[in-house]
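Data first, discussion second: the structure below is written as structure tokens.
Naming: A, B, ... by sequence-line order, numbering from 1 per chain.
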Amino acid sequence: MINVYEPHEWKHGTVVAGVPWKNPVGTASGTFQLAAVRDYYDVSQMGAISTKGVSPIPWEGNPSPRCAESPAANVNAVGLQNPGVDHYLVDDLPKLKAMGATVITNVAGHSDDDYAQVVTKLASHASDMLEINVSCPNVSHGGMSVGTDPVALYKLIAHLRTLTDKPMIVKLSPNVTDIVSVAKAAVDGGADALSMINTLVGMRFDTRTGKPIIANRTGGVSGPALLPIALGFVWRVRQALPDIPIIGIGGVDSGLKALEFLYAGANAVEVGSAALFDPIAPLRIARELDDLLDTRPQLANLLAEGKTWK
Amino acid sequence: MINVYEPHEWKHGTVVAGVPWKNPVGTASGTFQLAAVRDYYDVSQMGAISTKGVSPIPWEGNPSPRCAESPAANVNAVGLQNPGVDHYLVDDLPKLKAMGATVITNVAGHSDDDYAQVVTKLASHASDMLEINVSCPNVSHGGMSVGTDPVALYKLIAHLRTLTDKPMIVKLSPNVTDIVSVAKAAVDGGADALSMINTLVGMRFDTRTGKPIIANRTGGVSGPALLPIALGFVWRVRQALPDIPIIGIGGVDSGLKALEFLYAGANAVEVGSAALFDPIAPLRIARELDDLLDTRPQLANLLAEGKTWK
Amino acid sequence: MTASTPVSQPMDTTLQADTTLLGDVPPIVQYALQAGFKAPRHEVRVHHVQPLTDGVIEFAIIDPYIARHAQAGQFINLYSHDDMRLMPRPFGVAQVQGDVVSVIFAVVGEGTEEFSHMRQGDTIDVLGPLGKPYAIDMPAHYVLVGGGLGVPPLIRTAQLLRQQHAEHTSTDTASRSVTTAVLGYRNVHFADSMMQAYADQTLSIDDSQGNVIDVLQHDIAQHITVVTSDERGSGHMAVDEQGLPYVLLSCGPHGMMKAVAHWAAEHHMQCQLSLEQRMGCGYGTCVVCTVDTARGRLKVCNDGPVFTREELGWN
Amino acid sequence: MTASTPVSQPMDTTLQADTTLLGDVPPIVQYALQAGFKAPRHEVRVHHVQPLTDGVIEFAIIDPYIARHAQAGQFINLYSHDDMRLMPRPFGVAQVQGDVVSVIFAVVGEGTEEFSHMRQGDTIDVLGPLGKPYAIDMPAHYVLVGGGLGVPPLIRTAQLLRQQHAEHTSTDTASRSVTTAVLGYRNVHFADSMMQAYADQTLSIDDSQGNVIDVLQHDIAQHITVVTSDERGSGHMAVDEQGLPYVLLSCGPHGMMKAVAHWAAEHHMQCQLSLEQRMGCGYGTCVVCTVDTARGRLKVCNDGPVFTREELGWN
Ligand SMILES: Cc1cc2nc3c(=O)[nH]c(=O)nc-3n(C[C@H](O)[C@H](O)[C@H](O)COP(=O)(O)OP(=O)(O)OC[C@H]3O[C@@H](n4cnc5c(N)ncnc54)[C@H](O)[C@@H]3O)c2cc1C
Ligand SMILES: Cc1cc2nc3c(=O)[nH]c(=O)nc-3n(C[C@H](O)[C@H](O)[C@H](O)COP(=O)(O)OP(=O)(O)OC[C@H]3O[C@@H](n4cnc5c(N)ncnc54)[C@H](O)[C@@H]3O)c2cc1C
Ligand SMILES: Cc1cc2nc3c(=O)[nH]c(=O)nc-3n(C[C@H](O)[C@H](O)[C@H](O)COP(=O)(O)O)c2cc1C
Ligand SMILES: Cc1cc2nc3c(=O)[nH]c(=O)nc-3n(C[C@H](O)[C@H](O)[C@H](O)COP(=O)(O)O)c2cc1C
Ligand code: FES
Ligand code: FES
């Protein structure tokens, strides 16, 4: 068993869109709240921390219940509850930077203007990267709809590009017919990297009442069940776009599964649901991967240079 | 434990697009080979038998290996290997009918003309229903591509409609941005029912070699992992199309999960992967559901009339 | 690129002292404590599993860490062995005896079904203790109002009040708290004997006899004197015959707690209520478990599960 | 709509007779047999789990049904307790002793890892016996050529040949078959002693010494006489010194079997080979496990796993 608390000299760091990561494993947006997680491990040890989606004003999210269980998965409909960008800029962001974390600010919006406001406010602050979430299935406007329409997405990203010099990751939705055209639109618009996948739309029913378990009715499916689907998306985009940095997300709960994403063509991964089931899972996975890469020098060398591979 | 071998008087039959089913549980296409299954249980007891996809000429499918495991799922790329419609008409079909089974012939094609040939040949034979598979992710032409384009789908179904009077089910792909527009295209083209979902595209990698496990590289994900996703698709289509019969497919491995599909708006279900892991699973599920419906008389009454509900 | 940063310490300095348990807990917990962090999810042994009544199980684990830390009304997450069921199952800590921590649960679904079949010596994963506890520092007459499977965390609360009692007894008799338990059951009074071990008085009722409000009305109301609380300037305050302020702590079905909060408001009692909500993580990272409060949408798992009547706006 | 149809009988009439096991097998198997069907997936107890050498495990279950039915070269599916791992794990039946059925496997992944930690009395789900067996009815000199984890199903084959031998011995000495085992290992000769219990002769070799072709060449070739087989009109046929026709049965790594098939062809021996392929179901319903043969793409699980050299076109 790995002791994640013992000081560790990371052996296999990487560079994503020019930003150095201590290791190729980040936390996934919406599954990391600093105030809760900092009591469990030194979060600055992660490759990067992707924050909860940040909106221009505080959002209260969806009514409860917000989640349901499913085989090897959970279904959630938080609806991007967050205290807004102003709060974020004086609270989580400075705290994370003070701890030495590499920070990815996940940006949420109901409209192009929402995204623009948040990106503008962040431009002059210490966030290392931005992750534009155009793929949340749990908000009624914006969110996923932008992420499923290449034309709208191109327009949005091209506009945001004019507002910031920060490395900009676009987080893609799996709820699409043709991921490659969406990915290309994001890259053409000026994305520096892609992260994928966000959750798949899904739901469960209470077999006593016959009603949906989640108040919002549908939610987003995450967890190990997503793994093969997410790998398929990453691989297909990597075939089409050999050079864009890709962060693989979906069902990573071990170093071996993180490794699968690297083989699929990802430059790094983010860990979501696994952290819900054990607070220290992201760091454990980072450590497992660090050891697995010892025996794969070729892959480790490419990673160290922040290159992609096929 | 239910004894599936004991003679059983089905309490809760249904009617799907005018065709009586002994119970609302069928087998899903590609997971039922008569020659193998008949040794394990009386297949005529199922609500319906959906056969392996039938093509105009024998197809040899994809090279091996054709499957990989994944959490609560399997990934397969059989590629519709089958001995062709002529063989089907003299072998499986008459045998199934002689046993008293309600038969759904799953129709496969690489082109509109392929589908038309099979439908034409079947028109004068004893198959009770046709299930047009426009959603197989594992063939390079036709297959899924038709099922993700509403315009092409409408055209295909409208043409097939002129070739047969048999109740025609269109089997939808989950690999789409907007299932409702695809579903509407199928119904507008003349579909009598919809079945959903086929498999989601996915893949796994061998962490020793770094290569995809499946020879075809990507495959279709099936099994319990699909459940919430499939329920979400059925529910959304049911909201949009209150009257079309829907057969729910994806991750059904118990009577309770079949029941969830009925609550989501399905008129019946098909059982796929569960049969791979236990030959008698489909019949067990049918029996479990038959008992569960005893305590849900309202639902059972609607079912008996072949109605849909919300 | 190679980076090295020494493991930094968490902000919560209260965690740092506790390195006394190092010998008795699983290595991962030892390492966490040594580094000054909370224990992560860890594997422990089952001590016993015992049915209390139909479908209600007492489930005990050996966990010195949780035993030492579980405060009033806190809960722990139990996890299934079957990865088809990944989500946490939260249960209020019911009792601590030495290193043995017990919870009491109703078998309602797949997870509780699985746990109910476990036996002594089996292993199970656990995280906790979790959640904001009942505030029981103030000397008071605590009225513990529990309904059904809301009773267990109140047993632990009574146990801690009894411990405070024992610690204070020699030095400061004036500030001793008093505990009255008011318990409502569907039928079998399965937790009375446990509660009696700690509470000064245990009153209980089941559905065939009435409900907890009947008990409060019949057995508590007459002992209340309402005084004017100058100190706080908050107007009226209920005290008992010894002059101890009444504080009502409740856990149980939503409807019962609303009625209890209402009753407490009418009788000028402070009132803290412990809520339930479906949870994604149980430790505050997913924002799945919210409840609407006067302070906005808060997380039941670590802004609660205990909230005041005022926070909930239950008047 | 209500429909009722009596349970019809399966086509395979050989199944119908076997209702003698009714008392010893799980109810679901009893019911299946009574109704004239094959046993579905069912739960049995583990009899023992024993390491034979590093990472190679003998795993035995108590299963009277499989014990009675397992033919030469057939396999069984074992299933994980963890529903994250739904797929079947196929293993050749290695030995049957009374009601105890054993397999021998290498720990290579998650499933075999899990099984290797099981202990006597644990439960496990199983399906089988599955697959088309080696044809061993003809009196012959059977040369069983196994490599590594391909050896186990050949042990069962030798066991059945020995049983035939025992049954024939009193009446018909002329038609007694002879069994020579030729086994190749990476290092430890873990299965020799088991094979010796049944085979007339057991020759083995490991990678440091050479390979099975070396053994065939050195110890078998010189005993071969090639005769003209008029009866079949198929030209030449290898017979041993007693005039028994040689039949080569092989199971092992792909490369080894190809070499063996080639050697057999050169020496005019009949040759049957048992293949491996990733399986979705193991019983013939999913068409996942195919191999390309002269008769087209066939299913390893129930068109095989045993194929003739001619079917495979391995010349
Ligand atoms: C803070 C807290 C303390 C609790 N303490 C107790 C206790 O002491 N005794 C007791 O019997 N029960 C208690 N519960 C309820 C208990 O958590 C659920 O009954 C249990 O999780 C059901 O699990 P299951 O696998 O049997 O049900 P399933 O329906 O199979 O569970 C599926 C999912 O839904 C969740 N879920 C189902 N019912 C509830 C519920 N009522 N509340 C929250 N989540 C639910 C499960 O945790 C799981 O994630 C408490 C709940 C909370 C939030
Ligand atoms: C007919 C047949 C008979 C076999 N007999 C034996 C035997 O007697 N002894 C023995 O050690 N092995 C045997 N094997 C191989 C054995 O099935 C695999 O080693 C085993 O399934 C690996 O399981 P795992 O969970 O440890 O590996 P994992 O890699 O975790 O398995 C993942 C999936 O891949 C499949 N898989 C992995 N390796 C193989 C393989 N080599 N062949 C087929 N499927 C595989 C598994 O069944 C499972 O579905 C046989 C295979 C077949 C097809
Ligand atoms: C509770 C929860 C909340 C989430 N919130 C966000 C969010 O705010 N922004 C975002 O981009 N993704 C969000 N996600 C999606 C995850 O970041 C991730 O893409 C997804 O869960 C798949 O990864 P996993 O299988 O590792 O969980 C959320 C996921 C969960 C489970
Ligand atoms: C091995 C395999 C082969 C399949 N072949 C077909 C097919 O020929 N035609 C078809 O429409 N669907 C095919 N499917 C899809 C299933 O019918 C079903 O839609 C899917 O597996 C989801 O259901 P499940 O989760 O119950 O398996 C196949 C699925 C599997 C696992
Ligand atoms: S359950 Fe995750 S924040 Fe409360
Ligand atoms: S494994 Fe399913 S047909 Fe062979």
Side-chain angles (χ1 to χ4, degrees), chain A residues 1 3-15 20-23 30-33 35-42 44-45 52 58 60-61 63-74 76-78 81-82 95 99-100 213-214 223-224 273 275-281 304 306, chain C residues 1-12 14-15 26-28 30-42 77 79-80 82-89 109-111 125 127 130 275 277-292 296-297 299-302:
Chain A
M1 196 206 49
N3 175 1
V4 300
Y5 303 98
E6 136 200 283
H8 179 70
E9 190 86 39
W10 294 101
K11 297 168 284 184
H12 306 290
T14 190
V15 180
W21 290 30
K22 300 180 186 74
N23 57 66
T31 62
F32 179 91
Q33 291 276 331
V37 177
R38 66 186 316 158
D39 289 344
Y40 288 97
Y41 67 93
D42 176 5
S44 75
Q45 290 301 298
K52 178 77 202 168
E60 64 167 10
S64 286
R66 290 177 167 185
C67 77
E69 188 170 55
S70 204
N74 52 321
N76 88 79
V78 171
Q81 177 175 346
N82 82 95
K95 283 182 185 161
M99 295 170 88
I213 290 177
I214 296 177
S273 303
L276 270 49
F277 312 132
D278 183 3
I280 65 169
Chain C
M1 196 213 64
T2 298
S4 161
T5 323
V7 173
S8 76
Q9 299 297 315
M11 297 278 145
D12 181 350
T14 62
L15 289 167
I28 192 74
Q30 291 182 30
Y31 301 148
L33 297 182
Q34 276 166 330
F37 291 99
K38 285 187 188 170
R41 173 169 165 165
H42 57 280
N77 284 347
Y79 300 92
S80 167
D82 190 335
D83 289 341
M84 291 282 240
R85 292 189 283 277
L86 293 168
M87 298 188 74
R89 269 64 183 170
E110 293 180 354
D125 275 14
L127 178 71
L130 300 165
L275 304 187
Q277 188 53 276
R278 284 192 176 249
M279 293 189 172
C281 68
Y283 70 94
T285 212
C286 73
V287 203
V288 145
C289 59
T290 54
V291 58
D292 288 328
R297 277 203 174 145
K299 293 179 280 187
V300 168
C301 75
N302 77 344

### Message
What I'd like to find out is whether the side chain of A/E69 reaches to under 4.5 Å of the side chain of C/R89, using heavy atoms alone.
### Response
yes
### Query
Of the listed residues (A/G223, A/A275, A/A35, A/S70), which shares the most heavy-atom pairs with chain C below a 4.5 Å separation?
A/A275
### Query
Between the main-chain N or O of C/R297 and the side-chain N or O of A/E60, is there a donor-acceptor pair closer than 3.5 Å?
no
### Query
Does A/Q33 use its side chain to pair, donor to acceptor, with the backbone of C/G284 at less than 3.5 Å?
no
### Task
Could you check which of C/R41, C/M279, C/H42 has the highest count of heavy-atom pairs closer than 4.5 Å to chain A?
C/R41
### chain A contact via C/I28 - which portion, at a heavy-atom distance below 4.5 Å
both
### Message
Please check: side-chain N/O of C/R278 versus main-chain N/O of A/P65, any donor-acceptor pairing under 3.5 Å?
### Response
no
### Side chain / backbone / both / neither for A/A281 at chain C, heavy atoms under 4.5 Å
neither
#### Entry: Structural part of A/P58 lying under 4.5 Å from a heavy atom of chain C
neither
### Task
Among the options A/N3, A/I280, A/N74, pick out the one with the most heavy-atom pairs lying under 4.5 Å from chain C.
A/N3
#### Entry: Part of C/N302 lying under 4.5 Å from any heavy atom of chain A
side chain
### Task
Identify which of C/P40, C/P88, C/C301 forms the greatest number of heavy-atom pairs closer than 4.5 Å to chain A.
C/P40
### Query
Would a 4.5 Å heavy-atom cut-off, applied to side chains only, mark C/L127 and A/P279 as touching?
yes
#### Entry: Identified side chain to side chain contact (heavy atoms under 4.5 Å, CB included) partner of A/F277 from the options C/N77, C/D83, C/L86
C/L86
### Query
So do C/T285 and A/L276 actually touch side chain to side chain, heavy atoms under 4.5 Å?
yes
### Message
With chain C as the partner, which of A/S64, A/A68, A/G100 has the greatest number of non-hydrogen pairs under 4.5 Å?
### Response
A/S64
## Note on the structure
Exactly one of A/D39, A/V4, A/D42 clears side chain to side chain contact (heavy atoms under 4.5 Å, CB included) with C/F37, and that residue is A/D42
#### Entry: Which atoms of C/Y283 approach chain A - backbone, side chain, both or neither, heavy atom under 4.5 Å
both
### Task
Using a 4.5 Å cut-off on heavy atoms from C-beta on, say whether the side chain of A/R66 contacts that of C/V287.
yes
